[in-house]
Trainee: 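The structure's right below; bear with me while I get my questions together.
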Amino acid sequence: MKSLKVIPFFLFLVLILFSCRNKTSPKISPLAENGVLDLRDWNFAEDGIVKLDGEWKFQWMKLAVSRPDLGPKDAQTHVVNIPGNWNQIPKLEGMNPLMAFGYGTYTLKIIPGQNQRRLMMHFQGAGTAASIYLDGKKIMGNGVVGPDENSSRPQYLPLYVSIGQPNKEILLQVEISNFDHYKGGLWESLRMGTEADLLNFRDNSSFSEMFLFGSIIIMALYHFGLYSLRRRDMTGLFFGAFCASICLRIFVTGERFLIQKFPHLPWEFFNKLEYISFYLAVPFFIYYLDALYPHSFSTKLKKFFIGFNIIVSAIVVLAPASIYTHTLIPFQVCLIFAIFWIFFVLVRLVRNGAEGSLMAIAGMIALTAAAINDSLYSQAVVNTGYYLPLGLFVFIFVQSYLLSFRFSQAFLYIERLSDNLLEVNKAYSRFVPLAFLKFLNKSDITEIGLGDQVQREMTILFSDIRSFTQLSEKMTPKDNFDFLNSYMRKMGPIIRKHGGFVDKYLGDGIMALFPNLPDQALDAAMEMLRELESLNQSRADRHYEPIQIGIGLHTGTLMLGTIGEEERMDGTVISDAVNLASRIEGLTKEFHANLLLSESTYRKLKNRRKYSFKKLGKVKVKGKSKSSEVYEVLG
């Protein structure tokens, strides 16, 4: 069953591999050479969007368009590869590769082909402020480009600008300044294509990111809700936090929706969010897996990875960008080791048959496969499309499904425990009546404590089989048990039928309590006698001698409660009224009567006309100093 649950995810991987093997490679985008990009053989309508990558010309410490008077007139021109950062350019005067503050101009000549459609240019971002010029005219920009820290202002925003229908050679220049990040330069590829293609590219990117954000934020809220309902299980909290950090990162990267919504907020604020969302996702995920599979992950390694992430996160919060951006490479190295470690542990869990481990590793494989596929597609090795958003969605969905499956299993387990508890309570009710619990204001047997008690006025019924000793001598022990159980099986329901409950069985005797009207106790006693007649008729048919019983009733105040000690307790009734009821039942033998009741019971009857009574007078009961009035019920 476990393997069946991961078939869809392995099928997804198989489809990717199949598409990679059978599809032909796309047409390779031309690369710029020595600062010139020749697009005469590129048909935008048929071949699609082109990346303006390759060799660009670069002038360090020179703003060639906006400030031609700034810097040396004979500034050296370098040929550099785009995308890239200027830290990698050797022999830049005044360049500190560890703190690449400065400014410069990138230049590319583009030779377009015959084009009948309007073109558009897409600029994703640079480090850390940029202005883009086409034939000396500024068409778009991010932040403010300046020659020093005071005049420069960083910003990251994806830009889409229409450039018309260029049919002659055009000059593209990008001025960049950086006084905040440890890397500067043209990091991202510029794209050029028809307006329809680039707008479709933008819409697809936005849709993918918003779909991913919406799906993951719902998962985050769902698991936070699960945690709020079940605080002992921390998996929901950690996975919800992991999903929330991924959602935050989606909002500040890619199409950068949060920055577009609040463009006037400081660049430093958004950049810290971008880093912190990435850094915190890892410890949340490790905590989640550790809570999901306790004692499976090395405590020392877990402390190391989490401690490292906390340290770099603290640096991001407290330090400026020129310092905390240096933490990215150590973090990525640590992340690679963490991924291998997680894979190793999950493989071991799969081998040990841990529940859901196959699903967890399938999600990791889906994310890894999507990342590899996107890398190959970006290099035009395969023609499959970008699948990283889908891979991330599958990865998080698998983890969410795994948690939901775990919670459903826990719910089913609780249901079974609940059903079992009901059965246990039902079984205990055969030993401790539910009415007894009710009078003690307890819902089930587990709430009963030693010394629990309550005082109530009730009618006590005592019943006893006459001459049972002689009867039992004629039967085997098994026959004795069978006889008593058969007799009690007929009398017990009668007592419950009339609103009473059996407090205890005393060998061949019954002690029952009626918490409401004494009339109910009297009705029960009379029906017991009628049932006895039917039983004796059945015994006569089988040539058994008849049996006789005596019943005594008394109404008075009594105490219901538990007595004993912590390891063994019993529910009982303690009162002088109980003793008097027992003595009255004993008088039935002296008066040769079947049913006697005390004066207290007689006076509290609501309907005395229902039966005939005979006053037997005052009788001194054994153990009592005062005489008690006793009545016989005639029928």
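Scope of the values below: all heavy atoms of this structure, side chains included, with no hydrogens, waters or symmetry mates.
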Trainee: Quick check: closest heavy atoms across Ala321 and Glu268, and the distance to 0.1 Å?
Mentor: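 Smallest interatomic distance, heavy atoms only, reads N-OE2, 3.1 Å.
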
Trainee: Do Phe308 and Pro330 have side chains that approach each other closer than 4.5 Å (heavy atoms only, starting at C-beta)?
Mentor: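 In short, these two side chains touch, coming nearer than 4.5 Å.
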
Trainee: Would you say the side chain of Phe305 lies within less than 4.5 Å of the side chain of Trp341, judging by non-hydrogen atoms?
Mentor: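 Contact flag for Trp341/Phe305 side chains = yes.
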
Trainee: Rounded at 0.5 Å granularity, tell me how far CZ in Phe304 sits from CG in Asn309.
Mentor: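 The CZ atom of Phe304 sits 9.5 Å away from the CG atom of Asn309.
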
Trainee: Keeping Arg256 on the side-chain end and Leu157 on the backbone end, is there a donor-acceptor pair under 3.5 Å?
Mentor: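 No: the side chain of Arg256 does not pair with the backbone of Leu157.
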
Trainee: Would Met359 and Tyr401 count as a side-chain contact (heavy atoms from CB on, under 4.5 Å) here? Give the steps.
Mentor: CA-CA 9 Å; Met359 296 173 62; Tyr401 179 81; 2.8 Å; yes

Trainee: Would you check if Asp233 and Leu237 make a side-chain contact, meaning some heavy-atom pair closer than 4.5 Å?
Mentor: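 SC-SC contact between Asp233 and Leu237 ruled out.
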
Trainee: Would you give the length of the straight line joining atom OG1 of Thr253 to atom CZ of Phe270, rounded to the nearest 0.5 angstrom?
Mentor: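 Those atoms lie 12.5 Å apart.
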
Trainee: Start with the C-alpha distance between Tyr293 and Ser357, add both sets of side-chain angles, then the distance that settles side-chain contact (heavy atoms from CB on, under 4.5 Å), and finish with yes or no.
Mentor: CA-CA 9 Å; Tyr293 301 107; Ser357 57; 3.9 Å; yes

Trainee: Is the shortest side-chain heavy-atom distance between Arg249 and Phe213 below 4.5 Å?
Mentor: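 SC-SC contact between Arg249 and Phe213 ruled out.
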
Trainee: Could you measure the distance from the CZ atom of Phe201 to the CG atom of Leu198? Nearest 0.5 Å is fine.
Mentor: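 One gets 7.5 Å once the value is rounded to the nearest 0.5 Å.
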
Trainee: Would you mind telling me which of Phe239, Phe297, Phe242 makes a ring-ring contact (aromatic ring centres under 6.0 Å, His included) with Tyr288?
Mentor: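 Going through the options one by one, the only one that passes is Phe239.
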
Trainee: Applying side-chain hydrogen bond (donor to acceptor under 3.5 Å, both in side chains), can you list everything that pairs with Tyr106, at least two apart in sequence or on another chain?
Mentor: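 Listed in chain order: nothing, the list is empty.
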
Trainee: What about the rings of Trp187 and His181, do their centers lie closer together than 6.0 Å?
Mentor: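 Centroid separation for Trp187 and His181: below 6.0 Å.
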
Trainee: Is there a side-chain contact between Leu258 and Leu273 in this structure, where contact means two heavy atoms from C-beta onward sitting under 4.5 Å apart?
Mentor: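 Yes, close enough: below the 4.5 Å cut-off.
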
Trainee: For Asn352 and Arg348, indicate whether the former's side chain and the latter's backbone hold a donor-acceptor pair under 3.5 Å.
Mentor: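 Checking the backbone N and O of Arg348 against the side chain of Asn352, a donor-acceptor pair under 3.5 Å is found.
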
Trainee: Is it the case that the side chain of Gln173 and the backbone of Thr105 share a donor-acceptor pair, with hydrogens and angles ignored and the cut-off at 3.5 Å?
Mentor: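 Pair absent, no side-chain N/O of Gln173 close to backbone of Thr105.
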
Trainee: Roughly how far, to the nearest 0.5 Å, is the CZ atom of Phe395 from the CD1 atom of Ile365?
Mentor: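 Ile365 CD1 to Phe395 CZ: 12.0 Å, rounded to 0.5 Å.
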
Trainee: Would you confirm whether Asn87, through its side chain, and Gly184, through its main-chain N or O, come within 3.5 Å as a donor-acceptor pair?
Mentor: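 The answer is yes, because a donor-acceptor pair under 3.5 Å joins these two groups.
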
Trainee: I'd like to know if the side chain of Gln124 and the backbone of Arg191 have a donor-acceptor N/O pair within less than 3.5 Å.
Mentor: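 No, because the side chain of Gln124 does not come within donor-acceptor range (under 3.5 Å) of the backbone of Arg191.
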
Trainee: Under the rule for side-chain hydrogen bond (donor to acceptor under 3.5 Å, both in side chains), what residues qualify as partners of Tyr279, not counting sequence neighbours?
Mentor: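 Only Thr327 meet the side-chain hydrogen bond (donor to acceptor under 3.5 Å, both in side chains) criterion with Tyr279.
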
Trainee: More than 12 non-hydrogen atoms from neighbouring residues, nucleotides or ligands closer than 6.0 Å to CD on Glu33, yes or no?
Mentor: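 Not buried by this count: 12 neighbours or fewer within 6.0 Å.
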
Trainee: Find the distance between CE (Met120) and CG (Asp197) and round it off to the nearest 0.5 Å.
Mentor: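 Going from CE on Met120 over to CG on Asp197, the span is 10.5 Å.
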
Trainee: Judged by modelled atom types alone, do Ser66 and Glu175 share a side-chain donor-acceptor pair under 3.5 Å?
Mentor: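 Present: a donor and an acceptor within the cut-off.
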
Trainee: Can you give me the closest heavy-atom contact between Trp42 and Pro30, atom names plus distance?
Mentor: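 Shortest heavy-atom contact: CE3-CD, 3.5 Å.
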
Trainee: Mind checking what makes side-chain hydrogen bond (donor to acceptor under 3.5 Å, both in side chains) contact with Ser228, not counting sequence neighbours?
Mentor: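 Applying side-chain hydrogen bond (donor to acceptor under 3.5 Å, both in side chains) to Ser228 gives none.
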
Trainee: Does Lys272 use its side chain to pair, donor to acceptor, with the backbone of Ala319 at less than 3.5 Å?
Mentor: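 Answer holds: yes.
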
Trainee: Tell me, do Pro154 and Asn178 make a side-chain contact under 4.5 Å, heavy atoms counted?
Mentor: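 No, too far: nothing below the 4.5 Å cut-off.
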
Trainee: Please find the pair of heavy atoms, one from Gly141 and one from Ile132, that lie closest to each other, and give the distance.
Mentor: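 Nearest heavy atoms, Gly141 then Ile132: CA-CD1, 4.3 Å.
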
Trainee: Between Glu195 and Leu119, is a side-chain contact (heavy atoms from CB on, under 4.5 Å) present by the stated rule, with each step listed?
Mentor: CA-CA 5 Å; Glu195 287 186 347; Leu119 297 183; over 6 Å; no

Trainee: Using a cut-off of 6.0 Å, state whether more than 12 heavy atoms not belonging to Phe343 lie near its atom CZ.
Mentor: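 Yes, because the 6.0 Å sphere around CZ of Phe343 holds more than 12 heavy atoms from other groups.
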
Trainee: To check you understand the geometry: which heavy-atom pair defines the closest contact between Ile250 and Glu209, and what is its length?
Mentor: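 Ile250 and Glu209 have their closest heavy atoms at CG2-O, 3.7 Å.
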
Trainee: Under 3.5 Å, is there a donor-acceptor pair between the Arg118 and Thr194 side chains?
Mentor: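 Their side chains do not contain a donor-acceptor pair, so the 3.5 Å distance test is not met.
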
Trainee: Do Asp148 and Ser151 have side-chain atoms, one donor and one acceptor, less than 3.5 Å apart?
Mentor: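 Yes, side-chain donor-acceptor contact under 3.5 Å.
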
Trainee: Do Met121 and Met140 come close enough that some side-chain heavy atom pair is under 4.5 Å?
Mentor: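 Yes, at least one pair of side-chain atoms sits under 4.5 Å.
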
Trainee: Do the rings of His122 and Tyr160 sit parallel, tilted or perpendicular, given the 30° and 60° boundaries?
Mentor: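 Judged by the thresholds at 30° and 60°, the geometry between His122 and Tyr160 is parallel.
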
Trainee: Okay, side chain of Arg230, backbone of Gly225: is any donor-acceptor separation there less than 3.5 Å?
Mentor: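 Looks like no, no N/O pair under 3.5 Å.
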
Trainee: Can you tell me how far CG of Leu159 sits from CD1 of Ile139, rounded to the nearest 0.5 angstrom?
Mentor: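 CG of Leu159 is found 9.5 Å from CD1 of Ile139.
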
Trainee: Of all heavy-atom pairs between Ile396 and Cys243, which one has the smallest distance, and what is that distance?
Mentor: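 Closest approach of Ile396 to Cys243, heavy atoms only: CG2-SG, 3.8 Å.
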
Trainee: Give me the atom names and distance for the closest heavy-atom approach of Met192 to Phe44.
Mentor: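 That closest heavy-atom pairing would be O-CE2, 3.4 Å.
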
Trainee: Quick check against the 3.5 Å criterion: does Lys57 have a side-chain atom that pairs as donor or acceptor with the backbone of Val79?
Mentor: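 Pair absent, no side-chain N/O of Lys57 close to backbone of Val79.
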
Trainee: Between Asp290 and Phe238, is any pair of side-chain heavy atoms under 4.5 Å apart?
Mentor: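 They are not in contact (no side-chain heavy atoms under 4.5 Å apart), so the answer is no.
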
Trainee: Only one of Tyr275, Tyr182, Phe278 passes ring-ring contact (aromatic ring centres under 6.0 Å, His included) with Tyr324; say which it is.
Mentor: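 Option passing the ring-ring contact (aromatic ring centres under 6.0 Å, His included) with Tyr324: Tyr275.
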
Trainee: Take Tyr133 and Val174 through the side-chain contact (heavy atoms from CB on, under 4.5 Å) test and state the conclusion after the steps.
Mentor: CA-CA 6 Å; Tyr133 296 85; Val174 182; over 6 Å; no

